[in-house]
Amino acid sequence: MLTGGALSMFKKLLILFAILFTQTVGYGKDAEKPKKNPEAEVYKWLRTTAEVIATVEEKAYRKVDISHLTQDMLKAGCATIDAHTSFLPNFEEVAEATSGKFSGVGISIISKANEDAHLLIVGTIDDGPSQKAGIEGGDKIVEVNGEKLQGLSSDEVISKIKGKVGTKVKLKIIRDKKPLEFEVKRDIIKDQSSYCYHFKDHDVFYLGLKLFTETSPRQMKKLLEKTNEGKYKGIILDLRSNPGGVLASAFDTSSLFIPKGSKVVITKDNKGKIVQEYKTQSNPTLKRPVPIFLLINNFTASASEIVAGALRHYSNEAGNDAKSPLRVFIVGTTTFGKGSVQEIIPLSNGCALKQTSLMYFLPDHTSIQAKGIEPDFLIKPKITPTKEMKWVSELYGKETSLKHHVTAEEIEKNAKGESAGYAHEIDQTTMKKQAEEKAKQEKEKDDKEKYDKDKAKKKRLEDIATNPQIQACVNMISMLDLAKTAQPEDVSTRKKSLEFLKAHYLTDTPTEIEEIK
């Protein structure tokens with residue numbers, strides 16, 4: 001532990017160190033300014049930073065915690081590098097909260113800039129802790145356990161929301177300009193993120209994935225094995241508002257559809273150089289050409305976009321091959337457009353840097369960054385959103401809405417090699433009464449949880465059955481099934497099926513209408 005005098009001397013030595021280095025690289029006070037010397041720029045500003053810290057410590061009227069000052073400087077600066085890079089001053093705390101030993105509250109969020117005062121909730125996991133507590137999509141978190149969010153990165157806020165199973169977290173929410181407070185009990189968010197149903201009258205399977213978890217590939221595999229038996233007309237894979245999740249899970253899901261040895265995704269550095277190619281290691285589970293309608297929206301992001309892009313790529317690559325089992329059609333609205341890869345780099349003092357280091361590319365070397373995946377069939381939600389949610393979808397549902405996002409133009413420049421620029425004893429009678437009361441309370445609790453779960457399940461079923469985008473997918477699958485009997489040649493391949501549907505099914509794509517006089 002340094003005393004005040006020793007600390008001041010240390011800072012002076014730090015300035016001297018910076019001065020010596022600036023002179024070593026040829027950028028002293030009297031030296032000629034070098035041309036584009038990155039090393040000189042580093043030491044030049046190290047010197048200025050050291051001067052600021054020493055001056056503040058010595059002369060500031062208000063006592064300043066130099067440790068916090070430095071951390072805040074780094075947090076603010078790193079946040080301007082790009083939308084997903086951040087300085088993590090308490091890395092151990094963040095890592096522990098995301099290690100799997102801790103739990104969450106079941107919300108999907110959009111990343112915030114450090115200076116933003118709120119964290120936007122896109123949606124809640126069905127029957128999850130937040131939904132049970134009454135939190136809704138469109139709510140804005142402004143405080144966690146009484147701590148305001150301004151100045152915190154998204155990672156720091158998430159680490160504060162997460163915690164040990166069974167513990168509670170207090171969230172202050174702004175909804176329709178009104179402050180609300182919720183106490184949410186943390187729980188493991190596991191199998192609540194996916195569900196599967198069968199449209200019996202139409203012989204269509206529906207699988208909704210709100211997040212790619214370790215169980216997602218196994219569920220998808222079971223579903224495909226049933227379709228191989230020839231029992232179903234088609235599959236709807238719903239990836240709407242799926243922010244991604246575990247990349248390995250998304251990769252394994254893609255492997256169920258495409259040939260062994262096929263590229264699923266490619267990563268490239270800022271010079272456009274290929275760093276790694278992810279190829280499938282097993283034969284696909286899908287054996288028969290069952291139509292798969294994949295639903296997306298503007299909150300479909302990251303790993304979900306990789307799955308959608310890869311499956312369509314190999315569907316297109318099959319071309320006119322009538323024997324190809326892959327018939328994927330993408331329905332909905334354009335996806336979020338997050339094609340960046342972040343890595344966590346541990347630093348000294350228990351800190352770390354979460355840094356964007358690579359970009360994802362589809363098998364044909366197309367980048368999804370700040371572009372997203374466009375659907376084959378544009379079908380918008382027909383339920384009129386509230387004014388708030390409409391604003392959320394328009395302004396937040398895309399990578400380009402994030403501050404300092406990496407642009408599509410930067411990726412193109414990098415590809416060309418150009419510069420682109422975070423104890424009392426109790427008698428037996430009393431003990432018996434307490435045990436009976438506890439048993440009664442636990443039964444009431446179990447009954448309520450069962451009621452809430454059944455209620456949530458019923459609502460989900462109603463939503464799926466009446467959702468216009470899902471209904472459109474069911475109708476198109478039925479059209480293809482009818483055409484197989486009446487006009488088999490017109491739907492013999494994925495390409496022909498696409499042309500057939502576009503010619504006979506009216507979507508939200510603008511169509512030319514002529515007035516008859």
Does the [X] side chain pair with the main chain of [Y], one donor and one acceptor, at a distance under 3.5 Å?
X	Y	answer
H313	G309	no
K112	L152	yes
T267	L358	no

Nearest 0.5 Å please: distance from the [atom1] atom of [X] over to the [atom2] atom of [Y].
X	Y	atom1	atom2	answer
F199	I477	CZ	CD1	9.0 Å
Y232	R288	OH	CZ	10.5 Å
S255	L286	OG	CG	13.0 Å

So, [X] versus [Y]: side-chain donor-acceptor pair below 3.5 Å or not?
X	Y	value
Q342	S340	yes
T335	E305	yes
S241	N297	yes
T300	N242	no

Heavy-atom closest contact ([X] atom, [Y] atom, distance):
X	Y	value
F377	L501	CZ-CB, 3.5 Å
P217	E214	CD-O, 3.6 Å
S254	V307	OG-CG2, 3.6 Å
I373	I296	O-CD1, 3.6 Å
G339	Q369	N-OE1, 2.9 Å
T333	I379	CG2-O, 4.2 Å

Query raised in the report: Given E156 and K75, is the salt bridge (charged side-chain N to carboxylate O under 4.0 Å, His left out) satisfied, shown in steps?
Result: CA-CA 11 Å; E156 289 178 297; K75 283 168 64 178; 3.1 Å; yes
State plainly whether the residues [X] and [Y] are in salt-bridge range, i.e. N to O under 4.0 Å.
X	Y	answer
R312	D376	yes
E399	K338	no
D490	K496	no
D481	K233	yes
R240	D238	yes

Requested in this report: Anything under 30° is parallel, anything over 60° is perpendicular, the rest tilted; go ahead and classify F251 against Y278.
Outcome: perpendicular
**Report entry** Parallel, tilted or perpendicular: rings of Y206 and Y195 (30°, 60°)
**Finding:** parallel
Query - Atom CD of E374 with >12 non-hydrogen neighbours under 6.0 angstrom - result: no
Query - Passing option when L149 is tested against I141, V142, N114 for side chain to side chain contact (heavy atoms under 4.5 Å, CB included) - result: I141
